[in-house]
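For reference, the structure is listed below as structure tokens.
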Amino acid sequence: MSRSPYLSSAPSVSVIMLKVLLALLPGIAAYVWVYGGGILISLALASLTALLAEAAVLRLRQRPVLPFLMDGSAIVTAWLLALALPPLAPWWLVVVGTLFAIVVAKQLYGGLGYNPFNPAMIGYAALLISFPVLMTQWPSPLALAKVSLSFADQWHYIFTRSLPLNVPVDAISSATPLDYLKTQLVLQQSVSDIRNTPIFGWLGGRGSELVALATLLGGLYLLHQRIISWHIPLAFLATLTLLSAAFHLLAPELHASPQFHLFSGGAMLCAFFIATDPVSGPTTPLAKLVFAAGIGVLTYVIRVFGGYPDGIAFAVILMNICVPLLDAYTQPRVFGHEK
Amino acid sequence: MGQYRDIVENGLWKQNPGTMQLLGLCPTLAVTSTAVNGLSLGLATALVMAASNAAVAPVRRYVPDEIRIPVFILVIAALVTIIDLSMNAFVHPLYVVLGIFIPLIVTNCIVLARVEAFAAKNPVTPSALDGLMMGLGLTLVLTLLGAVREFVGKGTALSGIDLVFGAEAKAWVLQLIPDYPGFLLAILPPGAFIGLGLLIATHNWLEQRRLAKASMHAALPVAQSH
């Protein structure tokens with residue numbers, strides 16, 4: 001029998017982070033199913049780099065190392081970054097991106113709780129503008145690849161960049177659906193023709209839509225556990241849906257359908273795991289709605305009118321800048337006080 | 001002589017324009033993609049600063065206070081034009097690379113800041129030295145930042161040296177890391193901001209260590225007297 005006062009204590013940071021990692025597992029499982037086990041190597045590499053980098057900087061900053069390592073936030077950053085990178089990215093790309101995310105974007109700003117930008121997205125953006133070719137080289141889903149690589153082959157490819165004999169790079173890589181759609185639209189193809197190519201499935205890209213669905217499942221678990229509130233996922237997905245639906249209805253041959261935008265690229269991961277970062281995101285409910293809607297608009301604009309195939313990272317970073325302003329303008333009126 | 005020592009120390013270290021006063025950020029961030037670029041623009045700025053300080057100091061009593069800023073700017077602009085034309089004539093390839101940033105030395109606030117803060121109140125010799133030392137302090141930061149960005153971004157040292165010494169100097173460029181894939185971020189503007197931030201942090205760290213050491217030495221005799 002517990003005694004009053006019946007105050008529920010907020011879960012600790014490590015519990016939250018553990019649940020976030022748990023919620024990422026369905027997406028990772030789908031990833032392995034669709035692209036092969038290579039993603040596990042990236043995840044392990046990123047986690048190891050993140051922990052070592054975090055420990056090193058904490059030592060330099062003369063902060064307690066173990067308590068901060070155990071909170072798990074570094075691993076969450078590492079996993080999000082690894083999931084955002086192309087699955088068979090070379091090992092050093094993963095390491096450089098994670099180092100940048102942890103050392104520059106997180107620890108230099110003061111560590112967990114002080115970083116104004118989402119560290120994983122800063123790491124991603126740094127890699128995207130530094131190594132555009134590697135960052136857009138996605139492997140084909142196993143079901144579509146002309147040659148399927150075994151786990152050992154993927155291991156070799158990640159660490160030495162060498163493929164088994166007689167396998168050209170083109171045989172294992174293909175344009176992502178978002179990328180393909182963009183280039184084909186420039187070539188005056190209609191959306192319905194483009195969507196008839198085998199890389200498209202019934203929602204988004206063949207294979208990658210499964211990853212998105214599994215990520216959605218994990219996200220719903222986070223909502224159910226009240227780790228995240230509904231505001232950010234709903235506002236982001238709704239904005240993306242509304243915008244893409246409007247354009248799709250106006251010119252169905254020039255703009256892809258809403259379900260394609262929802263289940264392509266990093267939209268689902270962003271909605272439930274990236275935009276909902278409690279540190280770099282806003283705190284008041286209204287600010288959360290505006291923040292997520294802004295990410296939705298920017299993502300759509302960058303995807304459709306911008307130069308990059310996907311716009312999640314830049315959209316999130318740009319809206320991160322607005323967070324202090326959003327929070328300041330949306331403070332609720334305290335009861336008994338004049339506005 | 002103590003006065004001159006202070007001027008040198010202030011310009012190169014204590015009040016370094018690049019890392020302490022944070023003046024002249026426009027060239028610091030824009031042209032430091034290589035060490036050669038940074039060094040060249042830094043030297044050009046240092047020359048302008050020494051000359052403008054030396055030119056303003058003798059007339060400081062005759063310039064009415066109300067219009068001193070336009071007068072100073074005119075003096076600086078005339079000197080920058082000389083540098084601009086000379087660089088165009090003698091190191092033309094470099095002139096093309098640095099482009100608008102040479103004429104922009106006029107608007108570089110560190111130049112006007114030293115004229116206003118130092119040359120307008122001091123005799124010619126210390127003024128000229130102050131301009132030169134502040135300019136060299138800035139050059140130091142520009143070169144260091146350029147070297148770091150070049151190394152991280154391209155894995156080279158001395159790239160662009162052929163712009164100064166002609167085409168045969170191309171062989172002097174050192175590829176420090178073979179097969180370097182290049183880290184474009186360091187060359188792009190964000191790299192300049194991050195690099196400058198790290199330089200400022202390094203400066204502060206070294207200064208803190210120096211002060212800590214100095215205070216320890218000062219405290220030592222007291223501890224012994226007990």
Side-chain angles (χ1 to χ4, degrees), chain A residues 53 56-57 59-62 81 85-86 89-111 114-119 121-137 158-162 169 307-308 313-314 317-318 320-321, chain B residues 18-20 22 25 28-34 37 141 144-157 159 175-213 215-216:
Chain A
V57 183
R59 272 296 287 276
L60 275 179
R61 294 179 58 213
Q62 296 169 356
L81 180 63
L85 295 178
W91 65 272
W92 55 264
L93 196 75
V94 181
V95 170
V96 168
T98 316
L99 278 180
F100 202 84
I102 295 290
V103 176
V104 178
K106 186 179 174 193
Q107 290 293 346
L108 283 190
Y109 283 102
Y114 296 95
N115 47 306
F117 302 107
N118 189 313
M121 289 301 100
I122 292 279
Y124 181 89
L127 291 180
L128 183 61
I129 59 175
S130 297
F131 311 102
V133 177
L134 282 173
M135 290 293 287
T136 43
Q137 222 171 46
I158 288 173
F159 283 99
T160 61
R161 250 14 216 166
S162 65
V169 178
Y308 290 101
F314 293 119
I317 293 170
L318 283 171
N320 278 161
I321 304 176
Chain B
T19 54
M20 283 292 111
L22 298 189
L25 279 185
T28 309
L29 298 170
V31 301
T32 54
S33 51
T34 66
N37 282 358
V141 173
L144 211 58
L145 189 57
V148 171
R149 286 178 69 190
E150 184 186 339
F151 176 69
V152 179
K154 296 197 278 192
T156 60
S159 86
Q175 185 71 39
L176 295 173
I177 311 173
D179 293 333
Y180 193 57
F183 192 52
L184 206 54
L185 184 79
I187 305 284
L188 292 171
F193 280 101
I194 297 170
L196 183 67
L198 293 176
L199 277 187
I200 295 172
T202 315
H203 188 155
N204 285 342
W205 180 63
L206 289 173
E207 185 68 13
Q208 271 171 16
R209 263 178 41 141
R210 199 179 65 88
L211 288 180
K213 241 181 209 162
S215 68
M216 236 167 66

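Every chain is numbered from 1 and lettered A, B, ... according to where its sequence line falls, protein lines coming before strand lines. Small disclaimer: the values here were computed from a predicted structure and weren't measured.
Residues of residues 197-206 of chain B that come within less than 4.5 angstrom of chain A, heavy atom to heavy atom, are B:L198 in numerical order.
No more than 12 heavy atoms of other residues, nucleotides or ligands lie within 6.0 Å of OH in A:Y114, so this atom counts as exposed by the packing criterion. The environment of CZ in B:F151 is sparse: at most 12 heavy-atom neighbours from other residues, nucleotides or ligands sit within 6.0 Å. Atom CZ of A:R59 has 12 or fewer neighbouring heavy atoms from other residues, nucleotides or ligands inside a 6.0 Å radius.
Annotation: salt bridge (Lys or Arg N to Asp or Glu O under 4.0 Å) contacts involving residues 194-207 of chain B, sequence neighbours excluded, comprise B:E207-B:R210. Judged as a salt bridge (Lys or Arg N to Asp or Glu O under 4.0 Å), not a single pair has a partner in residues 92-105 of chain A (not counting sequence neighbours).
Counting all heavy atoms, side chain and backbone alike, B:L185 lies closest to A:A126 at CD2-CB, 4.0 Å.
The contact between B:L188 and chain A is made entirely by side chain atoms (from C-beta outward), counting heavy-atom distances below 4.5 Å. If you measure heavy-atom distances from A:L108 to chain B, the contacts under 4.5 Å come from the side chain alone.
Residue A:L127 holds its CG atom at 6.5 Å from CZ of B:F183, rounded to the nearest 0.5 Å.
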Extract all donor-acceptor atom pairs below 3.5 Å that involve side chains of residues 91-102 of chain A and protein atoms in other chains or at least two apart in sequence.
{"unit_1": "A:W91", "atom_1": "NE1", "unit_2": "A:F159", "atom_2": "O", "d": "3.4"}
{"unit_1": "A:T98", "atom_1": "OG1", "unit_2": "A:V94", "atom_2": "O", "d": "2.6"}

